[in-house]
Amino acid sequence: MRDVAAAADVSLKTVSRVVNRERGVGPETVTRVTDTIERLGFRRNDLARSLRPGQRTTTIGLVVGDVGNPFFSGIARAVEQVARDEGHLVISGSSDEDPEHERELIATLCMRRVDGILLVPAGRDQSYLLPEIALGTAVVFLDRPPGGMSADAVVLDNVGGARRGVEHLLARGHRRIGLLRDSGTVLTAQQRTSGYRAALAGAGIQVDERLLCSGLHDAGDASRATRELLALADPPTALFAVNNRMSLGALRALRDSNHSVALVGFDDLELADMLTTPITVVAHDPAAMGVTAARLLFRRLAGDTRPQQRVVLPTTLVRRGSGEVTP
DNA sequence: GTCATGGCTCTGTTAGTTAG
DNA sequence: CTAACTAACAGAGCCATGAC
């Protein structure tokens with residue numbers, strides 16, 4: 001900037017004004033400075049620009065469970081689009097559902113002075129964010145609400161969606177429905193299990209706890225659990241998988257078995273409609289979640305002081321075949 | 001009073017310098 | 001040798017100035 005100022009024979013301040021398109025600079029000066037900027041290849045240093053207090057870094061942080069998971073990458077893509085429209089850069093990371101890792105990532109983002117944070121919480125307590133929020137960092141939670149504090153959150157209708165999926169199986173005449181779920185600490189899994197129980201209770205069916213498989217970490221675990229369920233003396237005639245990894249595992253196990261078992265999964269799966277028996281899912285829109293959360297974040301950054309928002313996004317049952325298998 | 005422009009100062013961190 | 005101080009980085013906020 002100093003070189004530009006010297007070459008264009010103006011002050012630093014005038015270059016700053018031209019760079020930031022501020023009003024009050026003569027058209028001749030603007031042309032001369034712009035030409036010099038072009039000639040010297042000057043680019044504003046945003047790191048230095050954000051040095052002054054009150055100045056934003058025009059970056060936001062995004063922490064999800066795993067950017068490799070299609071659900072989270074769908075969110076990330078949508079967040080990126082909104083951020084770009086707002087002139088912001090997204091710095092993203094995966095917590096691997098590890099609370100410790102989540103905190104480290106957030107700390108790193110805060111050290112880089114991101115203006116706002118979009119977080120899919122892995123741990124049960126996010127009160128460590130309160131000092132950052134007090135300093136002016138905007139925070140919006142996705143997929144799961146925060147613990148130990150309250151803040152804006154965009155979540156899914158997990159209970160309702162799961163209930164609808166299980167009711168769909170019940171309507172086909174299934175009475176023994178297995179449940180495949182991941183770690184019990186993840187709130188979404190708990191809520192989807194509640195939906196499962198509510199559907200059975202609504203149909204006057206006692207839950208057989210042997211059909212509930214918990215603590216499954218990945219698709220491999222879900223496959224093993226499915227095989228175990230099918231090996232029971234009175235195996236389930238249908239399965240409800242609480243997320244896409246569980247569905248994938250169940251699908252692998254079902255492919256290798258000669259049982260005719262119905263399957264409904266929460267979360268849509270890529271290619272789910274192209275399988276021999278396409279999968280029926282409780283679908284939702286990751287992009288809508290990303291867009292909603294990002295817009296909320298930027299509204300807060302723009303000074304919106306409305307009370308904290310809890311946006312609940314709907315789910316839809318997509319009938320494709322696997323959930324329409326009758327017992 | 002308005003417009004165009006310039007000058008000083010401040011920011012958070014760190015390398016380098018000086019004092020004790 | 002350590003502690004304290006200072007300069008440097010690149011830009012922007014605030015205020016000043018001169019011309020009209």
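Quick note on labels: first sequence line is chain A, next is B, and so on, each numbered from 1.
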*Any ion pair linking A:R124 and A:E102 (charged N to carboxylate O, less than 4.0 Å)?*
no
_Pairwise side-chain hydrogen bond (donor to acceptor under 3.5 Å, both in side chains) hits with a residue in residues 72-84 of chain A, at least two apart_ = A:R77-A:E80, A:Q81-A:D85
*Quick one: A:M111 CE to B:dT13 P, roughly how many Å, whole number?*
11 Å
*Looking across every strand, which nucleic acid part, if any, lies under 4.0 Å from A:G26 by heavy atom: base, sugar-phosphate, or nothing?*
sugar-phosphate
*Side-chain donor-acceptor pair present, A:T34, A:T31, cut-off under 3.5 Å*: no
*Below 4.0 angstrom from OP1 or OP2 of B:dG7, is there any side-chain N or O of A:S11?*
no
*Output yes when A:D234 and A:R210 qualify as a salt bridge under the 4.0 Å nitrogen-oxygen rule, no when they do not.*
yes
*A:R32 and A:D35 ion-paired at < 4.0 Å*: no
_Any residue meeting side chain to side chain contact (heavy atoms under 4.5 Å, CB included) with A:A250, in chain and number order, not counting sequence neighbours_ = A:L180, A:T226, A:L239, A:L263
_What is the distance, to the nearest angstrom, from the CD atom on A:E28 to the P atom on B:dA4?_
12 Å
_Members besides A:I37 in its Ile/Leu/Val/Met/Phe/Trp/Tyr cluster (side-chain heavy atoms under 4.5 Å)_ = A:M1, A:V4, A:V10, A:L12, A:V15, A:V18, A:V19, A:V25, A:V30, A:V33, A:L40, A:F42
*Send over the distance from A:I37 CD1 to C:dA10 P, rounded to a whole Å.*
15 Å
*Sequence-aligned protein contact record of nucleotides 11-20 of chain C, with B where the base is within under 4.0 Å of a protein heavy atom and S where only the sugar-phosphate is*: BBBB------
*Under 4.0 Å: is that the gap between some side-chain N or O of A:T29 and OP1 or OP2 of B:dT5?*
yes
_How bent is the helix from B:dG1-C:dC20 to B:dG20-C:dC1, measuring the angle between the end axes built from five pairs each, rounded to 10°?_
60°
_Set of side chain to side chain donor-acceptor pair (under 3.5 Å) partners for A:D46, sequence neighbours left out_ = A:R44
